[in-house]
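If you're wondering where the values come from, they're calculated on a predicted model, not measured in any experiment.
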Amino acid sequence: MNTHTIQFDRRLIASLPANGPRYTSYPTADRFHDAFRQPEYHNTLRDTLAGQPEKPLSLYLHIPFCNTICYYCGCNKIITKDKTRADEYLNYLEKEMALLAPHLGGRHPLAQLHFGGGTPTFLSDDQLERVFAMIREHFQLLDDGEYSIEIDPRKVGAATIGHLGRLGFNRMSVGIQDFDPKVQAAVNRIQTVEETREVIEAARNSGFKSVSVDLIYGLPHQTLSSIETTFDTVLSLAPDRLALYHYAHLPHIFKPQRRIDTNAVPSSEEKLDILQYAVRRLDAEGYVFIGMDHFAKPDDELAIALKEGRLQRNFQGYSTYADCDLVAIGVSAIGKVGDTYSQNERDIEKYYAALDAGQLPVMRGYHLDRDDLLRRNIIQDLMCRFALDFADYAAETEVPFARYFAAELADLQQLAQLGLLKISDNRIEVSAKGRFLIRNIAMVFDRYLRHSETRTKYSQTV
């Protein structure tokens, strides 16, 4: 294995079972509260963006609709085949953008744009055109922007991918999860290799800069043998990036999972077998471990950003543009502007009602204090650089770093003894074997986890 990227220490991973956040934000979304609503969001936009119409922004747009239900899914979604529901939804997106526009202070350039869901390609070509007309009315698209969309290959063909490219998308994430027919039937997601290959090849022919694929390990009926066959197929598609997510079987929380046979879900040992194979296979194929569950080819911009210390992270995952203020639009969408987070109503009827009343549909949010901002930067450094230089934080702590974080450094010594990291007088450096357990390391700096027992709400760290 290429030890400079990652070392998969199975015994160590098995010895550190833990649940913890994915740190797409710090503090995490479960800390948001309903004392942050429209007035607080208005103040944030004014204080952060007023008089700076040239300031690049990131825009997230949530499309909640799916044609069919995948039994493993825990996303906020609406299952329907009725396209007119999307027409109604776009009417409300238009209202939200119009209400937001006076507070943005101009048509900001978009460094980053992401359509998530649900299934964004539930929208027809005409509906997608309509959304882009709204976006162009309120924002400026850039030639070098990072514009991505999540794709369900079962519902689109090459013509739609070409249309997406002409609209301005240049990156896509393709849902696969698993190619084994028995696994697909068990999770109600039947997807052929041929239709998947068609959209990936169409993306390359349409000038997309990066194609990412999503896989899940731990699904019902998955075995080491079946995952080897899936990986043979996936790697033949030569994706630029690959995400390998852990399936958390929580039928008491996610109702669709109740349709999955719990006895068919692999054991913890079997999951580790699958994960160990996947990590070693990707490493042998030359993919660079980006962090957590993400891999990329060495020439992909994420791998280059990691190498150059420019990698960042936001609600859409790893990015090269995550330092931009993130404006989020649509039901349940979460944004990050200045030192605040905000989330829209998660229930679509409440989302519609707020907009009908002429109100931005902000349901809850969070205003970060000085300590939050400090810890957010530290966790970002750990997640994206696998290192921490104490001197970088000298201006943010009135006392030396080692004194401010004395309790955290004492806890990290235990992880250092296990070989996850090295601690010197002025630096923390995560080891090759510690990189796969970076969530465990980052959690040490989470003030809220240190002072309350809430870890059972989170997914397993590996």
- Task: Verify, without hydrogens or angle tests, whether His108 (side chain) and Leu104 (backbone) share a donor-acceptor contact under 3.5 angstrom.
- Result: yes

- Do Asp180 and Lys182 sit within salt-bridge range, that is, some charged N less than 4.0 Å from a carboxylate O? no

- Any side-chain heavy-atom pair from Val187 and Cys70 closer than 4.5 angstrom? no

- Message: Please find the pair of heavy atoms, one from Pro21 and one from Met443, that lie closest to each other, and give the distance.
- Response: CD-CG, 3.9 Å

- Query: Between the side chains of Asp178 and Thr230, is a donor N or O closer than 3.5 angstrom to an acceptor N or O?
  - Reply: yes

- Query: Which value, rounded to the nearest 0.5 Å, describes the distance between Ser124 atom OG and Asp87 atom CG?
  - Reply: 7.0 Å

- Does the side chain of Leu235 come within less than 4.5 Å of Leu282's, by heavy atoms? yes

- Give the minimum heavy-atom separation between Arg376 and Gly338, together with the two atoms involved. NH2-O, 3.8 Å

If you look only at distance, which donor and acceptor atoms sit under 3.5 Å apart when one is on a side chain in residues 93-103 and the other is two or more places apart or in another chain?
from	atom 1	to	atom 2	distance (Å)
Glu94	OE1	Arg130	NH2	3.1
Lys95	NZ	Asp356	OD1	2.8
Glu96	OE1	Gly330	N	3.0
Glu96	OE1	Tyr351	OH	2.6
Glu96	OE2	Asn344	ND2	2.8
His103	NE2	His42	NE2	3.1

- Rounded distance [0.5 Å steps], CD1 in Ile200 versus CD in Glu195: 11.5 Å

- Would a distance-only check, ignoring hydrogens and angles, find a side-chain to backbone donor-acceptor pair under 3.5 Å from Gln257 to Ala248? yes

- Ile378 side chain reached by Tyr26 side chain, heavy atoms, under 4.5 Å: no

- Mind checking the CD1-OG spacing from Ile441 to Ser431? Nearest 0.5 Å is all I need. 7.0 Å

- Query: Donor-acceptor pair, Thr80 side chain versus Asp82 backbone, under 3.5 Å?
  - Reply: yes

- Query: Hey, is the main chain of Ala202 close enough, under 3.5 Å, to the side chain of Ser206 for a donor-acceptor pair?
  - Reply: yes

- From Asp125 atom CG to His163 atom NE2, the distance as rounded to the nearest 0.5 Å: 4.0 Å

- Message: Below 30° counts as parallel, above 60° as perpendicular, anything between as tilted: where do the rings of Tyr277 and Phe231 land?
- Response: perpendicular

Under 3.5 Å, which donor-acceptor pairs link side chains of residues 290-300 to any protein atom two or more places apart or in another chain?
from	atom 1	to	atom 2	distance (Å)
Asp293	OD1	Arg22	NH2	3.1
Asp293	OD2	Arg22	NH1	2.9
Asp293	OD2	Arg22	NH2	3.1
Lys297	NZ	Ala238	O	3.2
Asp300	OD1	Ser210	OG	3.1
Asp300	OD1	Arg241	NE	3.3
Asp300	OD2	Arg241	NE	2.8
Asp300	OD2	Arg241	NH2	3.4
Asp300	OD2	Leu302	N	2.9

- Task: Keeping the roles fixed (side chain from Thr223, backbone from Ser226), state whether a donor-acceptor pair exists under 3.5 Å.
- Result: yes

- Task: Applying salt bridge (charged side-chain N to carboxylate O under 4.0 Å, His left out), name anything that partners Arg310, two or more places apart in sequence or on another chain.
- Result: Glu308

- Task: Using the ring-ring contact (aromatic ring centres under 6.0 Å, His included) rule, take Tyr247 and Tyr217 through it: C-alpha gap first, then chi angles, then the decisive distance, then the call.
- Result: CA-CA 6 Å; Tyr247 170 62; Tyr217 74 95; 9.8 Å; no

- Message: Could you tell me if the side chain of Leu110 sits less than 4.5 Å from the side chain of Leu142, heavy atoms only?
- Response: no

- Any Phe386 side-chain heavy atom under 4.5 Å of Asp381 side chain: no

- Taking every heavy atom of Leu219 against every heavy atom of Pro266, the minimum-distance pair comes out as O-CD, 3.1 Å

- Note on the structure: For Leu90 and Met134, the nearest pair of non-hydrogen atoms, with its separation, is O-CE, 3.4 Å

- Task: Run the numbers on Phe289 and Phe436 for ring-ring contact (aromatic ring centres under 6.0 Å, His included), then give the verdict.
- Result: CA-CA 9 Å; Phe289 178 64; Phe436 213 78; 5.4 Å; yes

- Item | Full working for side-chain contact (heavy atoms from CB on, under 4.5 Å) between His114 and Leu59 | CA-CA 6 Å; His114 185 82; Leu59 178 66; over 6 Å; no

- Note on the structure: Applying salt bridge (charged side-chain N to carboxylate O under 4.0 Å, His left out) to Arg281 and not counting sequence neighbours gives Asp232, Glu285

- Message: Using modelled atom types and a 3.5 Å cut-off, is there a donor and acceptor pairing between side-chain atoms of Glu270 and backbone atoms of Ser267?
- Response: yes

Under 3.5 Å, which donor-acceptor pairs do the side chains of residues 167-177 form with other protein atoms, sequence neighbours left out?
from	atom 1	to	atom 2	distance (Å)
Asn170	OD1	Tyr147	N	3.0
Asn170	ND2	Gly145	O	2.8
Arg171	NE	Glu301	OE2	2.6
Arg171	NH1	Gly145	O	3.4
Arg171	NH2	Glu301	OE1	2.9
Arg171	NH2	Glu301	OE2	2.8
Ser173	OG	Asp214	OD2	3.4

- Query: Nearest 0.5 Å, what's the CZ-CD1 distance between Arg85 and Ile78?
  - Reply: 5.0 Å

- Task: Decide whether Asn188 and Tyr72 meet the rule of one side-chain donor and one side-chain acceptor closer than 3.5 Å.
- Result: no

- Query: Hey, does the side chain of Gln343 reach the backbone of Gly365 with a donor-acceptor pair shorter than 3.5 angstrom?
  - Reply: no

What pairs of donor and acceptor atoms, side-chain ones from residues 49-58 against any protein atom, are under 3.5 angstrom apart with sequence neighbours left out?
from	atom 1	to	atom 2	distance (Å)
Gln52	NE2	Thr48	O	3.0
Lys55	NZ	Asp325	OD2	2.8
Ser58	OG	Gln112	OE1	2.6

- Charged N to carboxylate O under 4.0 angstrom, Arg10 versus Glu269? yes

- Okay, side chain of Tyr318, backbone of Met383: is any donor-acceptor separation there less than 3.5 Å? yes

- Which class fits the ring pair Tyr352 and Tyr92: parallel under 30°, tilted 30 to 60°, perpendicular over 60°? parallel

- Task: Hey, could you give me the CG/CD distance between Leu224 and Gln276, rounded to the nearest 0.5 Å?
- Result: 9.0 Å

- Phe315 vs Tyr60, ring-ring contact (aromatic ring centres under 6.0 Å, His included): CA-CA, chis, key distance, verdict: CA-CA 9 Å; Phe315 292 106; Tyr60 173 72; 8.8 Å; no

- Is there a donor-acceptor pair closer than 3.5 Å between any side-chain N or O of Arg385 and the backbone N or O of Gly309? no

- Between Phe36 and Arg364, is there a cation-pi geometry (under 6.0 Å to ring centre, at most 45° from the normal)? no

- Going through the distances and angles, do Ile304 and Thr320 end up as a side-chain contact (heavy atoms from CB on, under 4.5 Å)? CA-CA 10 Å; Ile304 294 169; Thr320 57; over 6 Å; no

- Item | Asp240 side-chain N/O to Val211 backbone N/O, donor-acceptor pair under 3.5 Å | yes

- Taking the six-membered ring of Phe122 (Phe, Tyr or Trp), confirm whether the NZ or CZ of Lys83 is under 6.0 Å from its centre and within 45° of its axis. yes

- Return the minimal non-hydrogen interatomic distance between Pro220 and Ile260, and the atom names on each side. CG-CG2, 3.8 Å

- Message: Minimum heavy-atom separation for Pro27 and Tyr366, please, with both atom names.
- Response: CG-CE2, 3.6 Å

